[in-house]
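Along the sequence shown, residues are numbered consecutively beginning with 1. Below, all heavy atoms of this structure are taken into account, side chains as well, without hydrogens, waters or symmetry copies. Just so you know, ligand 1 is whichever comes first in the structure, and atom 1 is the first atom listed for that ligand.
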Amino acid sequence: MRFSWYKRPAMSAAYEDLRTRLAEIADLSRVIGLLFWDQRTMMPPTAAPARAEQLATLNRITHERFVSEEIGRLLEEARPEEESLEYESVEASHIRVARRDYEKARRVPPELRAEMVRTAALALPAWEQARRASDFSAFLPHLERTLELRRKYVACFDKADEDYDILLDDYEPGMKTAEVRAVFDILKRELTPLVAAVAEHAEAVDDSCLAGPFPAAGQKAFEMKVLDAFGFTPESWRIDETVHPFASNGGIGDIRLTTRYREHELSVFASMHEFGHGLYEHGIAPELERTLLCRGVSLGLHESQSRMWENLVGRSRSFWRHFFPALRQEFPSLAGVDAEGFYRAVNKIEPSPIRIEADEVTYNMHIILRFELEQELLAGSLAPADVPEAWNAKMAEYLGIEVPDIADGVLQDMHWAGGHVGYFSTYTLGNVISVQIWERLKLDLPDVDERIEAGDFAALREWLRERLHRLGRMFTPKETLERVVGGPLDPGPYVAYLKAKADDLYGLSA
Ligand code: ZN
């Protein structure tokens with residue numbers, strides 16, 4: 001499919017030179033992604049040290065090529081041409097986005113960049129060990145060092161309204177901390193009483209059928225049935241096993257999902273989630289391949305797509321009306337359950353200490369807690385040594401639960417060890433955006449529930465591609481959201497969706 005407005009204009013030699021150089025950068029980034037995919041799926045363990053060197057070398061070469069004086073000169077030469085082109089053109093977008101990336105990349109000295117990589121390489125195994133031993137003190141020096149480097153990173157940029165803005169910008173370009181805070185304050189205000197109200201009616205939903213066992217063979221068979229119906233084709237997609245599932249891609253026609261099979265966990269939810277990420281990358285306009293525009297525009301928009309397939313589709317009543325018979329066929333343990341009972345079970349709302357196991361409602365409280373602690377840590381108003389206490393206090397306040405073990409408390413996520421401070425909020429932004437997009441698409445596809453119940457996902461997939469996926473990074477995340485839903489970020493539809501669902505499951509208004 002081509003852009004309706006797309007006709008490749010005659011461009012200057014400077015632009016063509018720039019485009020060729022950026023295509024090489026794009027190629028190198030894909031190769032790095034494939035090495036990383038291989039590392040997590042196929043690679044034998046003793047290859048790890050050599051692979052780490054290969055990745056470091058390729059990362060360094062890619063970065064050096066990108067921040068070269070030559071690219072800077074070509075970007076300057078292309079400026080008048082960019083201004084003469086329509087804002088919406090592929091070429092103007094490419095120059096604009098490349099310039100933004102270039103200016104950001106140039107701000108950070110290579111020594112600091114190398115130090116951040118080194119620190120994360122040490123912090124990740126230290127975190128794994130600390131988690132296994134439930135020993136925060138073993139991770140503490142790494143957290144302190146990470147925060148110190150994050151502050152140095154912030155100092156590389158012009159002063160923002162808040163320091164945290166600069167970290168957030170790497171994951172959700174253009175988003176301000178104050179905007180996220182405003183959305184999160186609404187969620188906190190609306191969802192805290194909802195969680196409490198649900199707790200009063202906890203017995204209304206029985207999820208004992210989710211205990212399994214679910215042998216791997218049955219899981220694989222069922223998962224493929226779902227993914228096939230969604231649009232997974234062996235020509236462009238693959239799925240392999242890994243420890244922590246993720247989606248990766250070597251190009252528009254090379255989408256790689258990963259999954260894992262455990263006896264007491266249905267893999268299909270994680271696989272639907274990763275499918276959403278994969279479909280986004282698969283739907284980018286072919287004209288954008290081998291440019292810097294050929295990626296999802298932000299983590300929040302990306303997560304809106306994974307959450308949509310996992311939750312709005314995969315935890316809907318219509319979905320299970322269609323797929324539950326096939327699931328029950330695979331697993332004798334589900335013999336006494338029907339589609340409605342299963343739908344209720346997979347939507348049970350119940351506070352738990354672990355983020356990745358949380359339901360749709362309580363999940364956001366986990367994120368808000370991290371978002372608040374990160375800001376205090378960055379500002380220095382919370383000492384890293386005091387994080388466990390602050391964490392546990394917020395868990396009690398927001399979810400009414402006690403953290404049984406620090407491994408399932410502050411040590412549960414790898415993000416901080418990897419140097420990712422500012423990342424978490426994009427998960428909840430994704431939830432919020434997913435429902436905004438869903439409400440908009442229902443105007444064009446009012447029978448989307450009936451289609452899902454019939455196992456027909458083609459129209460949904462096409463709508464998403466036409467409206468969102470094909471754009472890649474041509475526009476900013478805000479411009480992209482505006483184009484898709486016709487307005488700015490708004491938690492209203494998401495709150496209404498969660499309330500209606502909780503009401504339906506727990507009969508709260510009765
Ligand atoms: Zn995701």
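Here D449 contributes atom CG and S316 contributes atom OG; the two are 6.5 Å apart, rounded to the nearest 0.5 Å. Put simply, CG on D490 and CD1 on I433 are 11.0 Å apart, with the number rounded to the nearest 0.5 Å. In this structure, D240 CG and L257 CG are separated by 9.0 Å, a value rounded to the nearest 0.5 Å.
Around the Zn ion (ligand 1), the protein N, O or S atoms closer than 2.8 Å are H273 NE2, H277 NE2, E303 OE1, listed by chain and residue number.
Aromatic ring centroids of H420 and Y171 lie under 6.0 Å apart.
Under the 4.0 Å criterion applied to side-chain N and carboxylate O atoms, E190 and K499 are assigned as salt-bridge partners.
Put simply, the side chain of S306 never gets that close to the backbone of H277: no donor and acceptor are under 3.5 Å apart.
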